[in-house]
2 protein chains.
Amino acid sequence: MPSSTVENYLKQIYLMQQGDEALISMGHIAIAMGVVPGTATSMIKTLADSGLVEYEPRGGVRLTTGGRKLALHVLRRHRLVELFLVKVLGLDWSEVHAEAEELEHSISDKVIDRIDDVLGHPSVDPHGDPIPSAKGHVNDRPTMSLANCETETSLRVARVIDQDPAFLQFASRSGLTPGVSVKVESREAVAGAVSVKPQGAKAVTLGTAAAQKILVEPY
Amino acid sequence: MPSSTVENYLKQIYLMQQGDEALISMGHIAIAMGVVPGTATSMIKTLADSGLVEYEPRGGVRLTTGGRKLALHVLRRHRLVELFLVKVLGLDWSEVHAEAEELEHSISDKVIDRIDDVLGHPSVDPHGDPIPSAKGHVNDRPTMSLANCETETSLRVARVIDQDPAFLQFASRSGLTPGVSVKVESREAVAGAVSVKPQGAKAVTLGTAAAQKILVEPY
DNA sequence: GGCCTCATTTTGACTCCTCAAAATAAAATA
DNA sequence: TATTTTATTTTGAGGAGTCAAAATGAGGCC
Ligand SMILES: [Mn+2]
Ligand SMILES: [Mn+2]
Ligand SMILES: [Mn+2]
Ligand SMILES: [Mn+2]
């Protein structure tokens, strides 16, 4: 049985990894995990010894098939828990990430399967993040963000990729939650500002950094 | 923030302690926690250093006020989680103890309060064990067991004090679950056997050990 | 009192995860 | 190419929780 530390490292590597052969540097892992670089190096070596990652000294690290499988298992628990906390217990979407960060390690498969049933086998969590299936399949819909989508087109918010409670609260206050229809009214590339009009709410102006965190898809 | 190890020790001491000044021996703690005696001794010393228990070398250990408060907090989480798993997720009462043993350490107060709301502020868990209040108050109804109650009287099962799945499954199969009305038809002290008739089920004969685990109260 | 037995405590060691700080390799710059 | 900067790895150490095995204490028994 992997420790929660192992689960957290694997999940983090999965989330940072772009594509299957990309290498993640020790420095980035250390920052993401909130540890000193030496700690990351030594932990990664242990993961490599367990066959969960491939480690290239001074190059970086990537998940093996086994490591990815485990990471997806944790991610599935995390996202199902988040959705459950919102739908069944009525917590706000801005606070469930922190809760799920702990619960993902102590919830059994039996309980997770029951939660999945109760929720009707959902495909995305409250933030629009895809929920991996029990077999480890992820349905990653290709999406663009408010920072690079077409203007004056009918779009829908698909996903908000930031777990910061303050940002999430701002997003829902502005009407920018997954499922909502939006239209980009204007984009000032030089000024780095995007003006968005969510259906049934006032238009908002976002900076590029914020706009990149709101993923949208054609409506 | 106390570690799960600390929480488990405190909860265990609370459950074993009869009365406020009783001392629990190191040997008993070691057995209950599934560790070697030396481990219990050293762990108890750390708890004593944290002011959670009073430790009398070669005498035993008892909870301080602070230790009991923490133990009750854990027990509250444990029992609310058990009930939640049964009522909301539909798990069997025989399997929830093991699940709660893990979840009790990772569920936040916020989530526990929501669970408490959803369940309507229950006073007992699926096994009839009292759920401590958030302030640490326990409502311990005085009860007798099938091994020592009156015969031919209308009684009600109040509590089943054994977490062994096999025993719990046997109990529900026999119709002996909290809330059910029962009548003791006969008791053969020398033979160590009790014959019980649950309402709406066939009469069962229990040995003394089993009978002691079924607590009943006047109907 | 002296001895035996059993529970408890002590000692030394080990795993897991972490940090601080020194050593090293690689990359960037001059 | 030589030098400086930056990332990574190594080394040494510590806390938490555990075990194995030796030492100690307290009663009970002769
Ligand atoms: Mn986590
Ligand atoms: Mn999420
Ligand atoms: Mn526990
Ligand atoms: Mn219970």
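Keep in mind that the numbers below use all heavy atoms, side chains included, and drop hydrogens, waters and symmetry copies.
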Q. Would you say the side-chain atoms of A:D125 and A:H78 include a donor-acceptor pair closer than 3.5 Å?
A. no
Q) Given atom NE2 of A:H105 and atom P of C:dC17, what is their separation to the nearest angstrom? A) 12 Å
Q) Whole Å only: how far is the CD1 atom of A:I44 from the P atom of C:dC16? A) 16 Å
**Q.** d(CG, A:L23; P, C:dA26) in whole Å
**A.** 15 Å
**Q.** side-chain hydrogen bond (donor to acceptor under 3.5 Å, both in side chains) between A:S145 and A:Q212, worked out
**A.** CA-CA 5 Å; A:S145 81; A:Q212 275 168 348; 6.0 Å; no
Q) For B:T41 and C:dT9, is the shortest distance between a side-chain N/O and OP1 or OP2 below 4.0 Å? A) yes
(Q) Working note: B:E217 + B:T143, criterion side-chain hydrogen bond (donor to acceptor under 3.5 Å, both in side chains); need CA distance, chi angles, decisive distance, verdict. (A) CA-CA 5 Å; B:E217 60 189 358; B:T143 44; over 6 Å; no
Q) With a non-hydrogen cut-off below 4.0 angstrom, is A:T39 in contact with a base, only sugar-phosphate, or nothing? A) base
Q. What is the distance from CG of B:D49 to P of D:dA16, rounded to the nearest Å?
A. 11 Å
**Q.** Nucleotide nearest A:P37 when distance is taken to its side chain, options C:dT8, D:dA20, D:dT9
**A.** D:dT9
**Q.** Touch class at under 4.0 angstrom, heavy-atom based, for A:G38 against every strand present
**A.** base
Q. Among residues 53-60 of chain B, which residues get a heavy atom nearer than 4.0 Å to DNA chain D?
A. B:R58
Q) Does the B:H105 side chain pair with the main chain of B:E101, one donor and one acceptor, at a distance under 3.5 Å? A) yes
Q.
When you measure from the side-chain N and O atoms of A:Y9 to the phosphate of C:dT18, is any distance below 4.0 Å, counting only OP1 and OP2?
A. yes
Q.
In whole Å, I'd like the distance from the CD1 atom of B:I31 to the C1' atom of C:dT8.
A. 13 Å
Q.
I'd like to know if the side chain of B:R77 reaches the main chain of B:D109, judged simply by a donor and an acceptor atom lying under 3.5 Å from each other, with no hydrogens or angles considered.
A. no
Q: May I ask you to evaluate whether B:S25 reaches the phosphate of C:dT8, defined as a side-chain N or O under 4.0 Å from OP1 or OP2?
A: yes
Q. Between A:M26 (CE) and D:dT10 (P), how many Å, whole number?
A. 11 Å
Q) Does a nitrogen or oxygen in the side chain of B:S3 sit under 4.0 Å from OP1 or OP2 of D:dG17? A) yes
**Q.** Residue of the set B:V118, B:D113, B:V111 for which side chain to side chain contact (heavy atoms under 4.5 Å, CB included) holds with B:I115
**A.** B:V111
Q | Whole-Å distance separating the NZ atom of A:K45 from the P atom of D:dT9 | A | 7 Å
Q) To the nearest Å, how far apart are A:M43 CE and C:dC19 C1'? A) 15 Å
**Q.** Axial cation check for B:Y55 ring with B:K45, 6.0 Å and 45° limits
**A.** no
